[in-house]
There are 2 protein chains.
Amino acid sequence: MNIQLEDFCSKRTAILTSTLELVKEHGFHGTPMSQIAKTANVAAGTIYHYFDSKETLMVELYMYTKHRLGKAMLAGDDESRPYKERFFQYMTNQYNFYIENESSLFFLEQYINSPFAKNYPEKDSDIFKTDIIPFFDFGLENGYFKKIDPRLMWPIIRGTLVAAAHFRISQHVMYSEEDISQLVKMIWDAIKNNNTTP
Amino acid sequence: MNIQLEDFCSKRTAILTSTLELVKEHGFHGTPMSQIAKTANVAAGTIYHYFDSKETLMVELYMYTKHRLGKAMLAGDDESRPYKERFFQYMTNQYNFYIENESSLFFLEQYINSPFAKNYPEKDSDIFKTDIIPFFDFGLENGYFKKIDPRLMWPIIRGTLVAAAHFRISQHVMYSEEDISQLVKMIWDAIKNNNTTP
DNA sequence: TGCTACCGAATGAACATTCAATTAGAAGAT
DNA sequence: ATCTTCTAATTGAATGTTCATTCGGTAGCA
């Protein structure tokens, strides 16, 4: 059977999405396997057909979620457009993904701050490795950004967007297109290179 | 007995600090009360003398930690200095607190993304309510910052600093004073008002 | 006939919390 | 100083529950 991210195995996907929702509400250890099974309309034993343990379920859910985030970020990308425009598109997409997928946002934040992230540092989505990280590297190499540690760039951008999305969700505030582009502009202002003209 | 934040009740404090370390390593539900007791050199029952339940222990640990963060941020503050200088001081202090108190950083992140934060939204440190939030409000009212929702300002700043601190910790990278001030400058560039001269 | 997907009751470990009993310490009386 | 009394602090074994995981079995399908 196909145990890939893009799978049509409905039970496996049901388990993943149920876990996502439940972890958002109750946290990792706060969600029992029995409840995951119930919510996914699946027997408890079935979970262990697809995942070795609760721990690997969480790790695979992380990769699944990160993969979906990556795909969402790349939506509507066009390599022929100017770098800055593509950057804005990426950021807007990321922000929209967070507010349209609250549970993914909460899950990712929890995961990153959990022992799992430390225990499985190599586990990550391919899309990030092959597309998104290189896009930022390109921006750095070509002088679009300040000369800071490239590995610091991504967390900072992410930190800002996540903070904004969290706030937007918790306060039930609706941001207009305008507000979002102002937010992205803030990020751009923060990291753009002021010295040379790229 | 004095159940305040600044207490000399050593057992209570021992329980709090032990919980902080353990939650960093194993997460909320991943740390049993029995282990907290053992690490704090205290009997299991003693925890229930100071805290009603595991849940309230976590909430009170949040307030304790947030209080310490607040105090650290205000260190060396001088109201007579220019606003921008005070801002830089606050940010540098906050960043340094995170890297000097890893477990507090991890705990705060976990807490914010947990159901607790939603269930006890009113629980927060007084220092933030009386000193830190007003400081940012002042900056907004006096045109130092872009005109964005003031409640959005704090999460964005926090998001950036937290991201940088996380990175610094996970990669075992040492930032120089220089690097930190560049980081804070990035934040300042992002949120400062470009239109008028304050 | 064999293989995979799936089920769900059973198992045993781990857990949060309780409580009856013990100690420490303070305040008051002698 | 010493004894008395009262309260708060502390203990850790016992309790009842919840949980992750297992496993013997069923159903469909090649």
Side-chain angles (χ1 to χ4, degrees), chain A residues 1-62 64 107 110-111 114-116 119-120, chain B residues 1-4 6-62 107 110-111 114-116 119-120:
Chain A
M1 207 223 22
N2 182 16
I3 310 234
Q4 291 315 117
L5 291 165
E6 298 290 332
D7 59 349
F8 295 91
C9 177
S10 64
K11 298 244 162 168
R12 199 185 116 98
T13 310
I15 292 166
L16 286 172
T17 55
S18 298
T19 307
L20 196 62
E21 291 300 322
L22 289 167
V23 167
K24 178 200 161 189
E25 296 295 334
H26 308 110
F28 280 128
H29 300 269
T31 62
M33 295 297 257
S34 56
Q35 208 181 346
I36 294 172
K38 203 177 293 174
T39 311
N41 288 315
V42 145
T46 305
I47 300 177
Y48 290 87
H49 179 72
Y50 293 101
F51 307 95
D52 287 345
S53 66
K54 192 176 181 179
E55 183 150 332
T56 66
L57 166 58
M58 293 302 170
V59 176
E60 296 200 31
L61 178 55
Y62 171 71
Y64 172 80
F107 173 79
Q110 283 200 53
Y111 185 92
S114 78
F116 299 123
N119 294 342
Y120 304 90
Chain B
M1 206 225 24
N2 182 15
I3 309 233
Q4 292 314 116
E6 295 291 331
D7 58 352
F8 295 91
C9 175
S10 64
K11 299 244 161 165
R12 199 185 116 99
T13 309
I15 291 166
L16 286 172
T17 56
S18 298
T19 307
L20 195 62
E21 290 301 322
L22 290 168
V23 167
K24 178 199 162 191
E25 296 295 332
H26 308 110
F28 280 128
H29 300 269
T31 62
M33 295 296 257
S34 56
Q35 208 181 345
I36 294 173
K38 202 178 291 173
T39 313
N41 288 316
V42 144
T46 306
I47 300 178
Y48 290 87
H49 180 72
Y50 293 101
F51 307 96
D52 287 344
S53 66
K54 192 176 181 179
E55 185 150 331
T56 66
L57 166 58
M58 293 303 169
V59 176
E60 297 201 31
L61 177 54
Y62 171 71
F107 173 80
Q110 282 200 54
Y111 185 91
S114 77
F116 298 123
N119 294 341
Y120 304 89

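We name chains A, B, ... by the order of the sequence lines, and we start the count at 1 in each one.
To the nearest 0.5 Å, atoms CD1 (B:I36) and CG (B:L16) are separated by 9.5 Å.
Annotation: side chain to side chain donor-acceptor pair (under 3.5 Å) contacts of A:E55 (sequence neighbours excluded): A:Y120. B:Y62 pairs by the side chain to side chain donor-acceptor pair (under 3.5 Å) definition with B:K66, not counting sequence neighbours. With sequence neighbours excluded, no residue satisfies ring-ring contact (aromatic ring centres under 6.0 Å, His included) with B:F51.
Residue B:L22 contributes atom CG, which lies 12 Å from atom P of C:dC15 at whole-angstrom precision. Atom pair B:H26:NE2 and C:dA14:P shows a separation of 14 Å (rounding to whole Å applied). To the nearest angstrom, C1' of D:dA9 lies 6 Å from OH of B:Y50. Rounded to whole Å, atom P of D:dT17 lies 19 Å from atom CD of A:Q35. Atom C1' of nucleotide C:dA16 and atom CZ of B:F51 are separated by 15 Å, given to the nearest angstrom. Separating the NZ atom of B:K38 from the P atom of D:dA13 is a distance of 12 Å, rounded to the nearest angstrom. Between the CD1 atom of B:I47 and the P atom of C:dC15 there is a distance of 13 Å, rounded to whole Å.
Remark: A:T46 is in phosphate contact with C:dC7, judged by side-chain N or O atoms under 4.0 Å from OP1 or OP2. The shortest distance between the side-chain N/O atoms of A:H49 and the OP1/OP2 oxygens of C:dA5 is below 4.0 Å. Remark: B:K11 is not in phosphate contact with D:dA8, judged by side-chain N or O atoms under 4.0 Å from OP1 or OP2.
Looking only at distances, a side-chain donor or acceptor of A:T19 sits under 3.5 Å from a matching main-chain atom of A:I15.
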Just the atom pairs and distances: protein N or O near nucleotides 17-20 of chain C's N or O, under 3.5 Å.
unit_1: C:dT17; atom_1: OP2; unit_2: B:Y48; atom_2: OH; d: 2.7
unit_1: C:dT17; atom_1: OP2; unit_2: B:K54; atom_2: N; d: 3.0
unit_1: C:dT17; atom_1: O5'; unit_2: B:Y48; atom_2: OH; d: 3.3

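Here D:dA20 is the nucleotide among D:dA20, D:dT11, D:dT10 with the atom lying nearest to any side-chain atom of A:P32.
Residue pairs meeting the salt bridge (Lys or Arg N to Asp or Glu O under 4.0 Å) criterion with at least one partner in residues 32-54 of chain A, sequence neighbours excluded, do not occur; the list is empty.
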Side-chain donor-acceptor pairs under 3.5 Å in residues 26-34 of chain A, sequence neighbours left out?
unit_1: A:T31; atom_1: OG1; unit_2: A:F28; atom_2: O; d: 3.0

